[in-house]
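Here is the structure we will look at, set down as structure tokens.
Note on naming: letters A, B, ... go to the chains in the order of the sequence lines (proteins, then strands), and numbering restarts at 1 for each one.
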Amino acid sequence: MSARALWRGVVRFAGAEVPVKLYAAVEDRDVHFRLLHEPDEVPVTRELVHPETGEVVPFADAKRGYVTAEGDLVILEPDELDALAPEPSRVIDVVRFTPRGAIDPRWYVRPYYLGPDGEQEAFAALAAALERREREGLARWTMRRRGYLGALRMHRGHLMLITLRSDPAVLADAALAAPADADLDPRELDLARRILETLAAPFEPEAYADTYRQRVLDLIAAKARGEPVRLAPPPERPRFEDLGQALRASLERERPRA
Amino acid sequence: MPERDAADGSALQPYWSGVIAFSLVRVPVSLYAAHRRSRPALRLVHDDGTPLSRRYVCPEEGKPLTSDEIVRGYEVEEGSWVIVRDEELDALEPAKSREIDLRRFVPRDALDPVFFERPYVLVPEPGAAKAYLLLARAMEEERRAGVATFVMRGKEYLVAIFADDGVLHAETLRFAAELRAPADLDLPEPALADVHRVAELERAIDGLSADGLDRSLLRDPHAARLSELIEEKLDAGVDVVEARRPEPDEPEVDLAAILRGRLSATAARDGHDTNGQDRDAYAAADAGGRTGRTTTKRAAVTGALMARTKAELYEQAKALDIAGRSAMSKEELARAIRERR
């Protein structure tokens with residue numbers, strides 16, 4: 001089963017040029033719902049309306065505006081916004097290489113596999129060079145007149161491009177910290193660490209499956225057949241007087257039996 | 001889909017509320033998206049400069065709809081729908097919808113970032129600061145991340161929870177089944193690379209290398225150009241509509257402030273041990289966390305009250321000397337108690 005490439009580009013840096021094809025690495029398996037008007041089960045639509053006059057404005061006719069801190073509004077015309085959009089290009093411009101992991105994975109959005117576009121040897125050389133130097137690249141490119149930022153890196157022997165968020169707000173949140181003077185009981189901390197040790201395990205993503213999704217589909221099928229739906233109640237959980245008790249009970253529970 | 005965060009200036013809302021279960025230790029928390037919408041955010045506006053409101057309408061009747069006239073449906077056949085309600089989705093996995101049960105702790109470095117989907121920050125509910133800080137410190141010292149599955153807003157997620165600087169972060173992960181294997185894409189076997197060409201590329205890579213990442217490289221040039229355009233127009237007074245009412249001077253609530261408040265020394269010291277307070281936070285999660293609609297304070301309080309049995313509510317109403325309590329239903333008791341507070 002051969003996949004269709006989403007896009008074709010050219011990875012470029014310091015005189016090197018490697019034509020590539022981009023393939024989606026992620027499959028969307030969501031169960032898709034629509035919002036309906038309950039009495040007649042008609043899918044709803046959205047509209048824009050002037051909050052004072054009630055006038056309905058078609059989406060295509062709406063302008064865009066920026067609201068300042070003082071509440072003033074600057075209207076931006078469609079042609080002005082269009083002039084800001086980047087020019088189309090096939091270049092995936094790698095601006096920097098860093099050690100693996102220097103690009104915080106919390107900024108990752110979506111991974112894409114790269115494959116050669118014709119020049120197989122050049123592609124193989126790029127993958128080998130990245131692997132040998134143990135580096136990842138920071139890349140910029142334009143697709144459909146939108147600018148993208150991405151990490152160019154190897155994943156289990158295959159070349160990947162992973163889109164990144166460029167919102168500075170993510171970077172600010174990375175600087176969150178708890179107060180330094182947190183008063184933690186050393187015995188409780190020791191208990192907590194020991195519990196962690198008993199629950200230590202390797203990272204095995206294949207061990208997890210989305211069972212909920214199937215239950216949703218089963219629920220839908222049951223309702224479609226007109227079957228009554230029984231709602232399960234939330235589970236009861238044991239309560240403890242204090243954190244210390246809960247920690248001791250936890251260690252007891254998790255300790256492997258001799 | 002419900003808005004994940006409000007770009008219109010309203011208060012920061014959690015995306016989900018529930019309990020982190022660390023064996024028998026329970027830490028009530030709220031989950032906030034770590035990623036905010038890009039600045040500058042643009043609004044859709046009328047020609048006269050008024051920001052436009054969005055609403056749902058029924059295209060057949062042509063009338064605008066309120067939220068209680070709208071339901072979620074799945075198309076089983078063309079034009080044939082099955083309606084699915086929030087309570088029904090919740091009841092499919094009631095435990096997983098309310099708690100993240102951390103049964104496995106993996107080495108932090110073993111988390112493969114190719115699975116990373118969305119970053120979140122966990123904020124402890126009032127009273128849970130001590131347990132939260134303890135779990136965070138233990139995870140940081142052990143250099144481990146907790147992995148579990150849970151249900152949030154009608155979808156199941158694989159999630160990794162880890163600590164940085166005493167703060168718990170969550171990262172939803174893709175399921176392995178959602179990530180295509182290279183074999184599925186029929187990518188050609190890697191060709192043999194020419195040794196000289198590889199060496200050439202390695203030199204080129206070295207020439208562009210740095211030890212760390214210069215954050216200025218991450219800045220969005222489009223956002224910068226947009227900001228420039230906006231400033232030019234503001235300075236020139238072109239296409240500027242002045243505010244008719246002065247904006248209320250609300251201090252911007254940000255995640256750092258919320259976290260500081262909940263983790264302050266006072267919060268950690270004076271708060272009750274978390275396990276006792278669990279039920280209220282649990283119920284507050286019932287009230288607001290599931291549906292994806294904005295949790296109002298009222299709903300959260302009523303929700304917390306509704307988690308109690310009718311007998312418990314009656315005792316409380318008695319203590320508050322609420323008139324007519326013997327004739328009230330459980331809902332009526334909860335409302336009356338809430339109004340007394």
Hey, is [X] close enough to [Y] for a salt bridge, meaning N to O under 4.0 Å?
X        : Y        : value
B:Glu99  : A:Arg237 : yes
A:Lys223 : B:Glu88  : yes
B:Glu202 : A:Arg132 : yes

Flag the one option from [options] with the top tally of heavy-atom pairs under 4.5 Å to chain A.
options                               : result
B:His222, B:Arg203, B:Glu141          : B:Glu141
B:Val167, B:Leu134, B:Leu201          : B:Leu134
B:Val151, B:Val84, B:Asp109           : B:Val151
B:Asp112, B:Asp47, B:Leu259, B:Asp194 : B:Asp112
B:Glu171, B:Glu200, B:Lys155          : B:Lys155
B:Leu229, B:Val114, B:Val240          : B:Val114

Kindly compute the distance separating [atom1] ([X]) from [atom2] ([Y]), expressed to the nearest 0.5 Å.
X        : Y        : atom1 : atom2 : result
B:Leu173 : A:Phe203 : CG    : CZ    : 5.5 Å
B:Ile205 : A:Phe97  : CD1   : CZ    : 4.5 Å
B:Leu24  : A:Arg253 : CG    : CZ    : 4.5 Å
B:Phe22  : A:Leu196 : CZ    : CG    : 4.0 Å
A:Phe123 : B:Leu187 : CZ    : CG    : 7.5 Å
B:Thr149 : A:Tyr212 : OG1   : OH    : 12.0 Å

Please confirm whether the backbone N or O of [Y] pairs with a side-chain atom of [X], one donor and one acceptor, at under 3.5 Å?
X        : Y        : value
B:Lys233 : A:Ile75  : yes
A:Arg29  : B:Glu178 : no
A:Glu121 : B:Ala193 : no
A:Arg140 : B:Leu217 : yes
A:Tyr23  : B:Pro182 : no
A:Arg64  : B:Leu42  : no

Less than 4.5 Å to any heavy atom of chain B: does that hold for the side chain of [X], its backbone, both, or neither?
X        : answer
A:Tyr108 : both
A:Pro86  : both
A:Ile103 : both
A:Pro51  : both
A:Leu189 : both
A:Asp30  : side chain
A:Ala122 : both
A:Val18  : neither
A:Val57  : side chain
A:Ala24  : both

Go through [options] and name the one with the most non-hydrogen pairs under 4.5 angstrom from chain B.
options                               : answer
A:Ile162, A:Thr211, A:Asp28           : A:Thr211
A:Ala177, A:Ala102, A:Gly101, A:Ala14 : A:Ala177
A:Leu84, A:Thr98, A:Leu231            : A:Leu84

For A:Arg135 and B:Ser209, test the side chains for any donor-to-acceptor distance below 3.5 angstrom and give the result as yes or no.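 Present: a donor and an acceptor within the cut-off.
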
Please name all residues satisfying salt bridge (charged side-chain N to carboxylate O under 4.0 Å, His left out) with A:Glu204, sequence neighbours left out, ordered by chain then number.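 Result, salt bridge (charged side-chain N to carboxylate O under 4.0 Å, His left out) vs A:Glu204: B:Arg104.
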
Testing A:His50, A:Glu52, A:Glu55 one by one against B:His46 for a side-chain hydrogen bond (donor to acceptor under 3.5 Å, both in side chains), which residue passes?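 Filter result, single survivor: A:Glu55.
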
Closest heavy-atom pair and its distance - B:Val71, A:Glu38: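 Looks like CG1-OE1, 3.2 Å.
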
